[in-house]
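Comments concern the structure below.
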Amino acid sequence: MFDPVIAPSGTLLGLLQRGRGDGTLHALTAPRAEALAALNHCVLSDPRHDWQVENRSLYYARLHLDLGGGLDEIEAHLFDAADVLDTDESRTGLALAVLGHLASYGRRDALELLRRYAARGANWAWALDELALRDDDAGLRALAVPVLARFSTDPEGEAELAAVVRDSFEPRPWRLWADDPRASVGTRVRAASESGSFDRWQQQMRPTGPRPGWSVRAVFEWAQQGIERGAALHVPAARCLTAVAGPEDRPEIVEAARTGDDGARCTALRYLADSHDPDALDLLEAAQAAGSPLVVEAAVDAFERMRSVAAVQRARGWAHRPDALGEAAGRVLACRGGAQDSELVLGALREAVRGEGPDAQTLWTLVDGAGRLGIAGAAPVLRHVYRETASSHLRGRAARALAATDPSFPAGFAVECLWDCEETTREVAARHAETGDARVVDQLRRLAADPAEEADVQTAVRSRIGPDASAV
């Protein structure tokens with residue numbers, strides 16, 4: 001999947017793509033045709049950079065209901081010829097998830113569309129999972145024949161069916177079908193389920209990797225073999241060293257951290273950092289200066305895991321370095337530094353935004369650190385990140401940090417956060433948004449009554465509008 005093209009944050013499309021609460025508020029006041037066009041663009045062209053983590057489906061479904069939108073464009077997208085050619089589930093996953101939420105809100109047309117796609121579409125498994133949560137038993141039983149027809153009855157087809165049953169996300173349809181009296185359905189599904197369970201047992205009985213009695217050298221060789229196969233194994237290898245290495249092996253491990261091949265060096269650095277070896281920090285610094293990109297990455301990751309006072313003190317000295325270790329030092333101080341480190345964390349935050357933009361991965365930790373340390377001077381940068389980032393998770397972190405650093409947050413961004421696509425952001429808003437705005441009161445009541453809303457959000461809402469609360 002290509003990275004999506006995100007419109008400017010000041011446009012309706014850009015707001016909806018980001019999942020911002022202001023997107024909903026602007027859409028509800030925009031011409032209906034314009035709002036529906038922007039909404040359908042988002043649903044049919046998933047705007048998320050990480051579609052497996054970020055939430056949008058409930059956000060878009062709620063707006064779809066508010067706008068009274070139809071399903072013609074979603075139907076055309078699902079049954080387009082591209083569905084046969086492009087079977088990547090990211091092409092249709094968001095649309096199917098939106099249909100699932102619409103079905104849970106009582107939209108019969110959404111339920112029927114999910115059924116038809118589960119019977120005919122390429123991403124049928126996703127549609128079936130949505131139906132498993134919302135459809136009745138009769139509707140699911142009617143899908144048994146078309147779904148099983150996708151798998152041939154030869155050994156290869158049965159093996160494929162067994163794998164699908166074994167790995168299914170929602171088992172309810174398969175359990176229903178296993179009870180079907182027809183041999184072509186019930187008997188076949190039961191056999192597939194038993195075969196899948198046997199496969200899982202066999203995998204557990206054939207573990208790969210280190211065995212008891214391995215030497216330190218054998219662990220290093222295993223880690224290097226992983227790199228040669230394209231798999232980074234230094235993290236599990238370091239855990240193996242914890243089991244097999246004794247005090248007499250320390251010189252060999254330290255030497256591997258200095259001069260070993262990439263597999264051994266990454267493993268040794270991780271092991272020494274995790275065990276708080278007195279030479280670990282010097283070895284990590286040497287790896288940054290003269291290591292391959294893989295070794296540098298492993299060294300930085302190992303340093304960020306360190307919890308010792310010595311690591312924090314070294315981070316204060318490294319924070320001004322113009323390299324990956326300097327960036328990691330800023331993140332270490334953001335996580336474990338004290339009030340005296342506020343300026344260093346703020347400097348790292350500003351530099352990350354200036355150098356890499358509002359979507360830099362390093363910002364996740366630095367934004368959290370600005371909130372943890374209550375750095376008031378970070379508020380302007382945090383507001384910029386909140387507005388501009390395409391990541392709804394990073395925006396949520398910025399919202400939490402603003403709640404701790406920006407006195408204007410309750411009357412400002414907290415209001416729109418009540419409509420945000422991320423439940424954690426809505427929870428922050430429910431706890432902080434000023435209720436002098438009538439929209440806030442109405443939305444709090446709507447969230448409290450919505451069965452699709454997350455429990456943590458509703459708990460936060462009840463703390464504001466419950467019988468003992470005086471805010472509303």
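Counting begins at 1 with the first residue of the sequence. Hydrogens, waters and symmetry mates are skipped; everything else that's a heavy atom, side chains included, is used.
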Non-hydrogen atoms of [X] and [Y] that approach each other most closely:
X	Y	result
R56	P47	NE-CG, 4.4 Å
S168	V165	OG-O, 3.0 Å
A95	L78	CB-CD2, 4.2 Å
A82	D80	N-OD2, 2.8 Å
A103	A110	N-CB, 3.9 Å
V461	A430	CG2-CB, 3.9 Å

Using 0.5 Å steps for rounding, measure from the [atom1] atom of [X] to the [atom2] atom of [Y].
X	Y	atom1	atom2	result
D323	L325	CG	CG	5.5 Å
L99	L113	CG	CG	5.0 Å
M306	L284	CE	CG	6.5 Å
R314	L281	CZ	CG	4.5 Å
L131	L111	CG	CG	6.0 Å
Q443	C417	CD	SG	11.5 Å

Side-chain touch [X]/[Y], heavy atoms, less than 4.5 angstrom:
X	Y	answer
R321	Q288	yes
Y105	R134	no
T425	S392	no
C42	Y59	no
L63	L28	yes
D137	R172	yes
E454	T424	no
E130	H101	no

I'd like to know whether [atom1] of [X] has more than 12 heavy-atom contacts from other residues, nucleotides or ligands below 6.0 angstrom.
X	atom1	result
H77	NE2	yes
E89	CD	yes
E297	CD	no
E343	CD	no

Please lay out, stage by stage, how S391 and H49 fare under the test side-chain contact (heavy atoms from CB on, under 4.5 Å). CA-CA 7 Å; S391 167; H49 283 283; over 6 Å; no
Residues 316-335 vs ring pair (Phe, Tyr, Trp, His ring centres under 6.0 Å), sequence neighbours excluded, gives F303-W318
With sequence neighbours left out, write down each residue that passes side-chain contact (heavy atoms from CB on, under 4.5 Å) with R32, or none if nothing qualifies. L36
Does [X] use its side chain to pair, donor to acceptor, with the backbone of [Y] at less than 3.5 Å?
X	Y	value
S275	Y271	yes
R372	A334	yes
R397	D368	no
T405	A401	yes
H41	A37	no
E434	V440	no
E427	V457	no
E170	L133	no
Q458	D450	yes
W177	L140	yes

Assess the residue pair E194 and R190 against the criterion (salt bridge (charged side-chain N to carboxylate O under 4.0 Å, His left out)); give the C-alpha distance rounded to whole Å, side-chain angles, the decisive distance to 0.1 Å, and a yes or no. CA-CA 6 Å; E194 292 169 1; R190 288 194 298 273; 6.0 Å; no
Are V385 and V353 close enough, and set up right, to give a side-chain contact (heavy atoms from CB on, under 4.5 Å), and what steps lead you there? CA-CA 8 Å; V385 172; V353 173; 3.9 Å; yes
side-chain contact (heavy atoms from CB on, under 4.5 Å) between V428 and F409: does it pass, once the steps are laid out? CA-CA 11 Å; V428 170; F409 178 72; 4.0 Å; yes
Indicate whether any N or O donor in one side chain lies under 3.5 Å from an N or O acceptor in the other, for D83 and Y117. yes
From the options L39, L13, L12, select the one residue that forms a side-chain contact (heavy atoms from CB on, under 4.5 Å) with E34. L12
Check the pair R115 / D135 against salt bridge (charged side-chain N to carboxylate O under 4.0 Å, His left out), numbers first and verdict last. CA-CA 9 Å; R115 287 173 175 171; D135 206 352; 2.6 Å; yes
Between N123 and the options T87, D86, T92, the side chain to side chain donor-acceptor pair (under 3.5 Å) test singles out T92
Determine, stepwise, if the pair D274 / R305 fulfils salt bridge (charged side-chain N to carboxylate O under 4.0 Å, His left out). CA-CA 7 Å; D274 285 354; R305 288 172 50 83; 3.2 Å; yes
Is the shortest distance from a Lys or Arg side-chain nitrogen in R395 or D420 to a carboxylate oxygen in the other one below 4.0 Å? yes
Between D66 and R446, is the closest basic N to carboxylate O distance under 4.0 Å? yes
R316 meets the side-chain hydrogen bond (donor to acceptor under 3.5 Å, both in side chains) criterion, sequence neighbours left out, with D341
Sequence-distant partners of D442, side-chain hydrogen bond (donor to acceptor under 3.5 Å, both in side chains), two or more places apart: none
Run the salt bridge (charged side-chain N to carboxylate O under 4.0 Å, His left out) check on R426 and E422 step by step: do they pass? CA-CA 6 Å; R426 297 195 297 275; E422 297 291 344; over 6 Å; no
Which donor-acceptor pairs under 3.5 Å do side chains of residues 355-366 form with protein atoms, sequence neighbours excluded?
| unit_1 | atom_1 | unit_2 | atom_2 | d |
| --- | --- | --- | --- | --- |
| D359 | OD1 | T389 | OG1 | 2.6 |
| D359 | OD1 | A390 | N | 2.8 |
| T362 | OG1 | R331 | NH1 | 2.8 |

Check: residues 144-151 side-chain donor-acceptor pairs under 3.5 Å, at least two apart:
| unit_1 | atom_1 | unit_2 | atom_2 | d |
| --- | --- | --- | --- | --- |
| R150 | NH1 | G121 | O | 3.2 |
| R150 | NH2 | A118 | O | 3.3 |
| R150 | NH2 | A119 | O | 3.2 |
| R150 | NH2 | G121 | O | 2.9 |

